[in-house]
Amino acid sequence: MREILFRAQDAHGVWHKGFYFFYKKRQQHVLLTIVDGEDKFVEIIPETVGQFTGLNDKNGVKIFEGDIIKANFPYAKKGLVEWDKKRGSFYVNPIDGFAAYDKGYKMNANKLEIIGNIHENTELIK
């Protein structure tokens, strides 16, 4: 079975993982997460929400949408993990090269390594 998980930052810059939803009554974006064995609702910054791809990188770290990865692609060395709504799948969009496919690279997780994300490491996408 596929693990459904999201990651997002709170207002203090702390990352949380859990189940994402919009709490309409309070007009808040929140994650339901577990802290010290207890369920906890954490208000998060909606722009930082990224979904778990279901894959781990070569070091066993979970790969999320918005992660910047290092890889040994034929035409690029870095890429951004993004969601393709048309195809209904995650892909790696090259940052420092061009795509050999019509939109990014297929993800071969055992060759990828997370080196940052678009929210904390913007210098990596320049």
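Annotation: the span from Asn121 atom CG to Ile114 atom CD1 amounts to 11.0 Å, rounded to 0.5 Å. Once rounded to the nearest 0.5 Å, the distance linking CZ of Phe41 with NE2 of His16 reads 14.0 Å. Rounded to the nearest 0.5 angstrom, Ile44 CD1 and Thr33 OG1 are separated by 11.5 Å. Atom NE2 of His119 is separated from atom CD of Gln9 by 7.5 Å, given to the nearest 0.5 angstrom. For the atom pair CG (Leu112) and CG (Asn56), the distance works out to 11.0 Å, reported to the nearest 0.5 Å. How far CG of Leu31 is from OG1 of Thr48: 8.0 Å, rounded to the nearest 0.5 Å.
Here the side chains of Ile69 and Asp57 are not in contact, with every heavy-atom distance at 4.5 Å or above. Residues Tyr23 and Glu43 are not in side-chain contact: their nearest non-hydrogen atoms beyond the backbone lie 4.5 Å or more apart. The shortest side-chain heavy-atom distance between Ile68 and Ile118 falls under the 4.5 Å cut-off.
Formation of a donor-acceptor pair under 3.5 Å by the Lys78 side chain with backbone atoms of Leu124 is found in this model. Using modelled atom types, no side-chain atom of Asn59 and backbone atom of Val61 make a donor-acceptor pair closer than 3.5 Å. In terms of modelled atom types and a separation under 3.5 Å, the side chain of Gln27 and the main chain of Lys24 share a donor-acceptor contact.
Between Asp67 and Arg7 there is a salt bridge, with a side-chain nitrogen of the basic residue lying less than 4.0 Å from a carboxylate oxygen of the acidic one.
Remark: of the listed residues Tyr91, Phe52, Phe90, Phe90 is the sole one forming a ring pair (Phe, Tyr, Trp, His ring centres under 6.0 Å) with Trp83.
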Checking side-chain hydrogen bond (donor to acceptor under 3.5 Å, both in side chains) for the pair Gln51/Glu65: CA distance, chi angles, key distance, verdict?
-> CA-CA 5 Å; Gln51 187 173 1; Glu65 177 182 11; over 6 Å; no

Could you go through the side-chain contact (heavy atoms from CB on, under 4.5 Å) check for Val30 and Val42 one step at a time?
-> CA-CA 5 Å; Val30 297; Val42 178; over 6 Å; no

Can you list the steps and then say if Asp10 with Ile45 is a side-chain contact (heavy atoms from CB on, under 4.5 Å)?
-> CA-CA 6 Å; Asp10 65 19; Ile45 301 167; over 6 Å; no

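Val49 is connected to Ile4 through a chain of hydrophobic side-chain contacts under 4.5 Å among Ile, Leu, Val, Met, Phe, Trp and Tyr, so both are in one cluster. Phe64 and Leu80 fall into different hydrophobic clusters, defined by Ile, Leu, Val, Met, Phe, Trp and Tyr side-chain heavy atoms under 4.5 Å apart, directly or through other members. Linking Ile, Leu, Val, Met, Phe, Trp and Tyr whenever their side-chain heavy atoms come within less than 4.5 Å puts Ile115 and Ile125 in one cluster.
Using cut-offs of 30° and 60° on the angle between ring planes, the pair Tyr20 and Phe6 is tilted.
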